[in-house]
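Heads up, the thing below is written out as structure tokens.
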Number of protein chains: 2
Amino acid sequence: MDLAVGNIQAGDNAAEGAGEKTPTPRQQAVLDAALGLIVDPKAALTMSSLARAASCSKESLYKWFGDRDGLLTATVRWQAAKVRGRPVRRGELDGELLKESLERFAADWLTVISGETSVALNRLAIGEAAGGGTGRNLGRIVADNGPLAMGRRLTPLLEMGREAGLLAFDEVTEAFRDFFGLVVRDVQIRLLLGDRLDLSPASIRADAARATRQFMALYGAHQGPDGPALKMKGKE
Amino acid sequence: MDLAVGNIQAGDNAAEGAGEKTPTPRQQAVLDAALGLIVDPKAALTMSSLARAASCSKESLYKWFGDRDGLLTATVRWQAAKVRGRPVRRGELDGELLKESLERFAADWLTVISGETSVALNRLAIGEAAGGGTGRNLGRIVADNGPLAMGRRLTPLLEMGREAGLLAFDEVTEAFRDFFGLVVRDVQIRLLLGDRLDLSPASIRADAARATRQFMALYGAHQGPDGPALKMKGKE
DNA sequence: TCAGTACCGTACCGTACGTTACGGCCGATG
DNA sequence: CATCGGCCGTAACGTACGGTACGGTACTGA
């Protein structure tokens with residue numbers, strides 16, 4: 001949450017597909033109040049409770065966001081806009097920098113998914129994905145800003161590592177998904193199911209280092225006399 | 001779903017902590033109808049809809065299950081009782097059998113979590129875990145029959161592998177969690193978020209083989225002249 | 001035959017919530 | 001100063017749902 005907070009304020013954001021306008025400051029305050037209600041375990045996000053919490057009228061909520069689904073969509077988008085990370089700078093890439101970058105990715109990701117905001121938002125999107133016919137954009141938006149966003153951010157680094165002869169893989173997508181699994185393991189599903197799981201900064205650092213070490217053991221291009229530890233080509 | 005269906009019918013099940021009686025056949029039919037409603041994307045599980053679908057009265061639902069939460073709990077328990085797997089038989093364990101057992105575990109698990117029943121039930125439990133004060137047993141029950149059950153089933157096999165000198169690890173829990181991550185990766189969270197993801201039997205088999213191969217590369221006790229590929233002790 | 005039991009079908013109640021409508025306040029604009 | 005648009009606060013409406021009550025039916029056992 002507190003990592004790489006980069007609010008898009010100047011200019012219009014050309015990204016994000018269909019033209020979605022950035023909310024006004026007043027609307028941003030409302031969306032922050034909505035996030036607070038979503039996160040609070042003993043509070044439910046209803047249009048009335050949000051109007052009360054944000055000191056605005058329900059009429060304004062409907063005018064600004066259309067309906068409840070539009071409000072949820074805008075809230076998810078607003079939160080997603082807050083946690084965007086910076087891309088890796090191209091250029092010199094040696095083994096040490098690659099390892100540090102991977103560890104940083106892993107630690108950042110564990111920090112994000114263990115945050116109460118991320119847990120609450122994923123729960124909301126998953127609950128929304130249960131109903132088939134309703135506005136199921138939520139699940140896609142969260143997925144886009146969840147695992148898929150991590151993939152988009154990590155893929156260039158992995159390919160740079162391959163170009164530099166530090167990594168060996170055929171499909172960058174598969175390499176990323178393995179890294180994802182080594183980092184997340186059962187943490188996210190257990191958090192979503194309500195399991196108490198203390199993710200202290202120290203344990204996050206240790207987990208990030210472990211995942212990176214394992215990933216390098218699987219995909220590192222060892223320059224030693226023996227080849228890579230794991231051959232990816234050929235089936236069986 | 002269709003793997004290792006072992007209905008507990010004879011005698012009372014001494015397991016499962018607080019004494020929970022096995023439902024009568026009529027109640028089992030009702031619980032199956034509840035599962036059908038939970039799975040159906042365009043149907044919601046309400047007491048009325050379940051009474052209609054199961055051709056029973058709401059009064060009977062409340063008499064049998066107490067309240068809505070009891071019904072959900074019983075439904076989750078009922079489904080969990082259906083997918084229990086068999087333990088691995090002790091005795092001779094060589095490298096080939098270990099590999100086959102791991103692959104079987106991985107394939108079984110991918111089959112379970114990609115089943116629509118598992119997805120729907122996990123969604124339900126996650127949605128229920130959002131409200132803090134309500135009967136949050138659901139999340140714990142699903143977790144107990146989800147990752148934790150897989151851990152309980154897999155741990156003995158891993159320790160047998162270590163005793164046989166085939167695996168090398170310090171903490172069996174950590175080894176299991178790594179295996180879990182290699183198997184599940186981002187599949188479960190994407191399925192929960194509504195992502196379409198074709199898990200054909202062929203791809204499941206391939207994924208199970210890949211995860212097992214990677215796990216053995218990380219944790220296998222190589223009998224070659226060089227030591228294990230990954231030292232687990234010592235930090236940094 | 002008659003009481004008892006278990007169950008179905010349905011009507012009903014209270015509440016929560018999404019959504020709409022209305023009255024009042026305030027700053028801007030002419 | 002008058003008017004207008006944006007917004008707040010609140011009341012009101014319709015619906016959905018959890019939970020309860022009641023009448024009707026089939027079966028059992030004395």
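Worth knowing before you read on, the calculation uses all heavy atoms, side chains too, and leaves out hydrogens, waters and symmetry mates. Numbers restart at 1 for each chain; the letters A, B, ... are given by sequence-line order, proteins then strands.
The CZ atom of A:F169 sits 11.0 Å away from the CG atom of A:D178 when rounded to the nearest 0.5 Å. Remark: A:R185 CZ to A:R190 CZ distance equals 9.5 Å, nearest 0.5 Å.
A donor and an acceptor atom never sit less than 3.5 Å apart when one is taken from the side chain of A:K58 and the other from the base of D:dT10. In terms of polar N and O atoms assigned as donor or acceptor, the side chain of A:E59 never comes within less than 3.5 Å of the base of D:dC7 in a complementary pairing.
Set against C:dC8, C:dC17, C:dG18, the side chain of A:R68 has C:dG18 as its closest nucleotide. Of the listed nucleotides (C:dC8, C:dC17, C:dT19), C:dC8 has the atom at the smallest distance from the side chain of B:C56. Checked against C:dC17, C:dG9, D:dC17, the side chain of B:T46 finds its nearest nucleotide in D:dC17.
A:S48 comes within 4.0 angstrom of nothing in the nucleic acid, heavy atoms only.
Between B:D69 atom CG and D:dG19 atom C1' the separation is 14 Å, expressed in whole Å. Here D:dC22 presents its P atom at 17 Å from OH of B:Y62, a figure rounded to the nearest Å. Between B:M47 atom CE and C:dA11 atom C1' there is a gap of 17 Å when expressed in whole angstrom units. Between the CG atom of A:L61 and the P atom of D:dG9 there is a distance of 11 Å, rounded to whole Å. Rounded to an integer number of Å, the gap from CZ of B:R52 to P of C:dC7 is 21 Å. Here D:dG5 presents its P atom at 10 Å from NZ of A:K63, a figure rounded to the nearest Å. If you take CG of B:L50 and C1' of C:dG9, they are 15 Å apart, rounded to a whole angstrom. In this structure, A:L45 atom CG and C:dT19 atom C1' are separated by 15 Å, rounded to whole Å.
Nearer the 5' end of DNA chain C, as judged by each residue's closest nucleotide, is the contact made by B:A51, out of A:G66 and B:A51.
The closest side-chain donor-acceptor pair between B:S118 and B:N122 falls under 3.5 angstrom.
Look at A:R26 and you'll find a side-chain N or O under 4.0 angstrom from OP1 or OP2 of D:dC8. Side-chain N/O atoms of B:W64 include none lying less than 4.0 angstrom from OP1 or OP2 on C:dA6. Side-chain nitrogen and oxygen atoms of B:S57 include none within less than 4.0 Å of the OP1 or OP2 phosphate oxygen of C:dG9.
For the pair A:T117/A:I38, no side-chain contact is recorded, criterion being any heavy-atom separation below 4.5 Å from C-beta on.
Here B:R205 does not pair with B:D207 in a salt bridge; the nearest charged N to carboxylate O distance is not below 4.0 Å.
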